[in-house]
Amino acid sequence: HVHLEESGGGLVQAGGSLRLSCAASGRTFSSYAMGWFRQAPGKEREFVAALRWTNGNTFYADSVKGRFTISRDNAKNTVYLQMNSLQPEDTAVYYCAASSKFGVVAKRESYDSWGQGTQVTVSS
């Protein structure tokens, strides 16, 4: 159904900021949540942040709380991840995901659609 495409990744120095975008296109559906996950080489894909589309509630992993902000632009069918105070341990491929049904937002199994990922690299 829905096609997700991430953008906005790149190279940034520690302490810097990036804003990732996830644009949805194609056939749309009523999403319960949109989420961001990340995966570093040799590690499992981990939860970063999520937004419940129905009420706008947001959720964050402890590792990014206070530094990252997830938001949406309904008119553009786009979800954003504002990343501030970036650290080298934030280096990973970041993936956007959409869930069409209720579930635990921090679990990757809750999501039906995934983007292709965008690389974020943070240098010291």
Considering all heavy atoms of both residues, which atom of [X] and which atom of [Y] are nearest to each other, and what is their separation?
X	Y	result
Ser17	Asn84	OG-OD1, 2.9 Å
Ala92	Gln119	O-NE2, 3.5 Å
Met34	Cys22	CE-SG, 4.2 Å

Is a side-chain N or O of [X] found less than 3.5 angstrom from the main chain of [Y], in a donor-acceptor match?
X	Y	answer
Glu5	Ala23	no
Thr118	Ser7	no
Ser99	Ser110	yes
Asn57	Arg52	no
Ser63	Ala61	no

Heavy atoms from other residues, nucleotides or ligands near CD of Glu109 exceed 12 (cutoff 6.0 Å): yes
Are there over 12 heavy-atom neighbours, none belonging to Glu89, within less than 6.0 Å of that residue's CD?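 Yes.
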Using 0.5 Å steps for rounding, measure from the [atom1] atom of [X] to the [atom2] atom of [Y].
X	Y	atom1	atom2	answer
Cys96	Gln116	SG	CD	9.5 Å
Leu81	Arg38	CG	CZ	9.5 Å
His3	Ser25	NE2	OG	5.0 Å
Thr78	Leu4	OG1	CG	10.0 Å

Test item: [X] and [Y] side chains (from C-beta on) under 4.5 Å apart, heavy atoms:
X	Y	result
Leu18	Tyr94	no
Gln82	Phe68	no
Val48	Tyr60	no
Val122	Met83	no

Other members of the hydrophobic cluster containing Phe37, with the 4.5 Å side-chain heavy-atom rule, please. Phe47, Phe59, Val93, Tyr95, Val105, Tyr111, Trp114
Tell me the side-chain hydrogen bond (donor to acceptor under 3.5 Å, both in side chains) pairs involving residues 64-75, sequence neighbours left out?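 Passing the test, one end in residues 64-75: Arg67-Asp90.
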State which residues pass ring-ring contact (aromatic ring centres under 6.0 Å, His included) with Tyr80; sequence neighbours excluded, sorted by chain then number. none
When you look at Leu86 and Thr91, which way does the side chain to side chain contact (heavy atoms under 4.5 Å, CB included) test go after all the steps? CA-CA 9 Å; Leu86 284 163; Thr91 296; over 6 Å; no
